[in-house]
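Please read the structure below before turning to the comments.
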Amino acid sequence: MAEPLDRYDAELTTPDMVILEMDAADKLDATSQLAERMHAAGRIADLEGFLKQVNAREHQLATGLPGGVGLPHARSELVSQTSIAVGITKYGRALDFGAADGPATVILLIATPASSFSDHLEVLATLARSLSKESFRESLRRAYDAEVIAELINSSLVFFDH
């Protein structure tokens, strides 16, 4: 059974699920690297099955956001708790996630349990609001510390009350 999301105590990501200086060939490679971190953290039961679901979702609609952000995501019965893995690309590297303004340097893979439709929408909406602010995107890019990035992501839910 999936754990319910408590926005005030959500450990959506951990430093182990953050990749600094990510070197990926393309968005599928980036998604795979991030999903591997989630799997290693025990948040995904079946890595290959989850990747198929994320890639199927990616084929439906591009997940690039303005400002250099890729936001691949999926709800899945293979996910035990709402989780976010973060990749910050190596300097000078960027990946095409289909955003109108160009490729992404910040990639956030969001995984939510299949039963958690409202949590999935809340996390997507809240992160999209945070990521729409250039200062938040720049904080992620410049952190150079997995713990700081994890804290920025985890705290982003708390500071956006509805």
Side-chain angles (χ1 to χ4, degrees), residues 1-7 9-65 68-90 93-98 103-128 130-131 137 140-141 143-158:
M1 186 71 191
E3 295 179 26
L5 179 66
D6 176 351
R7 290 190 319 152
D9 191 32
E11 191 172 67
L12 297 173
T13 192
T14 63
D16 293 343
M17 290 192 289
V18 174
I19 302 175
L20 299 170
E21 305 264 323
M22 176 184 262
D23 191 8
D26 55 28
K27 68 181 179 180
L28 295 177
D29 183 24
T31 302
S32 179
Q33 288 182 41
L34 294 171
E36 285 172 13
R37 295 289 182 104
M38 285 184 179
H39 186 255
R43 309 249 182 146
I44 299 171
D46 173 3
L47 179 60
E48 293 305 314
F50 178 72
L51 281 170
K52 284 180 185 170
Q53 292 169 335
V54 172
N55 293 335
R57 169 67 188 80
E58 196 71 25
H59 285 297
Q60 291 174 353
L61 188 64
T63 56
L65 297 179
V69 177
L71 202 64
H73 56 275
R75 282 187 317 121
S76 171
E77 67 284 349
L78 302 172
V79 176
S80 60
Q81 74 182 83
T82 300
S83 303
I84 301 171
V86 183
I88 309 296
T89 61
K90 265 186 163 172
R93 301 290 307 264
L95 302 166
D96 183 8
F97 275 84
T105 56
V106 175
I107 298 93
L108 292 95
L109 173 61
I110 302 174
T112 48
S115 60
S116 302
F117 186 69
S118 62
D119 288 351
H120 184 73
L121 292 179
E122 181 176 5
V123 169
L124 277 175
T126 303
L127 268 178
S130 295
L131 291 163
R137 295 189 309 267
L140 291 172
R141 285 187 188 103
Y144 296 112
D145 183 319
E147 286 192 25
V148 171
I149 291 171
E151 183 57 35
L152 284 167
I153 296 297
N154 289 332
S155 64
S156 70
L157 278 187
V158 175

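Count residues from 1 along the sequence.
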Exercise for the section: Start with the C-alpha gap between Leu34 and Met22, add the side-chain angles, then the distance that decides, and say whether side chain to side chain contact (heavy atoms under 4.5 Å, CB included) holds. Expected result: CA-CA 10 Å; Leu34 294 171; Met22 176 184 262; 3.6 Å; yes
Strictly distance-based, threshold 3.5 Å: is any side-chain N or O of [X] a donor or acceptor partner for the main-chain N or O of [Y]?
X      : Y      : value
Asn154 : Leu12  : yes
Gln33  : Asp23  : yes
Arg57  : Pro72  : no
Thr112 : Ser116 : no
Thr126 : Val123 : no
Arg37  : Val18  : yes

Report the distance from atom [atom1] of [X] to atom [atom2] of [Y], rounding to the nearest 0.5 Å.
X      : Y      : atom1 : atom2 : answer
Asp16  : Glu147 : CG    : CD    : 9.5 Å
Thr82  : Arg75  : OG1   : CZ    : 10.5 Å
Ser83  : Ile153 : OG    : CD1   : 12.5 Å
Glu11  : Gln81  : CD    : CD    : 7.5 Å
Ile44  : Leu51  : CD1   : CG    : 7.0 Å
Leu108 : Leu127 : CG    : CG    : 6.0 Å

Exercise for the section: Any chance you could lay out the side chain to side chain contact (heavy atoms under 4.5 Å, CB included) test for Leu47 and Glu36, step after step, and finish with the verdict? Expected result: CA-CA 7 Å; Leu47 179 60; Glu36 285 172 13; 3.6 Å; yes
Is the closest side-chain heavy-atom distance between [X] and [Y] below 4.5 Å?
X      : Y      : answer
Glu58  : Thr63  : yes
Gln53  : Glu77  : yes
Leu140 : Leu131 : yes
Val86  : Leu152 : no
His120 : Leu124 : yes
Asp26  : Asp29  : yes
Arg137 : Thr105 : no
Ile110 : Leu71  : yes

Problem - Under the side chain to side chain donor-acceptor pair (under 3.5 Å) test, residues paired with Thr14 that sit two or more places apart - result: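 Checked Thr14 against side chain to side chain donor-acceptor pair (under 3.5 Å); zero matches.
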For the residue pair [X] and [Y], what are the closest heavy atoms and their distance?
X      : Y      : value
Ser80  : Gly42  : OG-O, 3.4 Å
Leu95  : Ala30  : CD1-CB, 3.5 Å
Phe97  : Gly70  : CG-CA, 3.7 Å
Asp96  : Lys27  : O-CD, 3.4 Å
Ala143 : Ile149 : CB-CG1, 3.5 Å
Leu20  : Ala146 : CD1-N, 3.8 Å

Handout entry: Glu21 atom CD, neighbour heavy-atom count above 12 within 6.0 Å
Key =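 Count over threshold, so yes.
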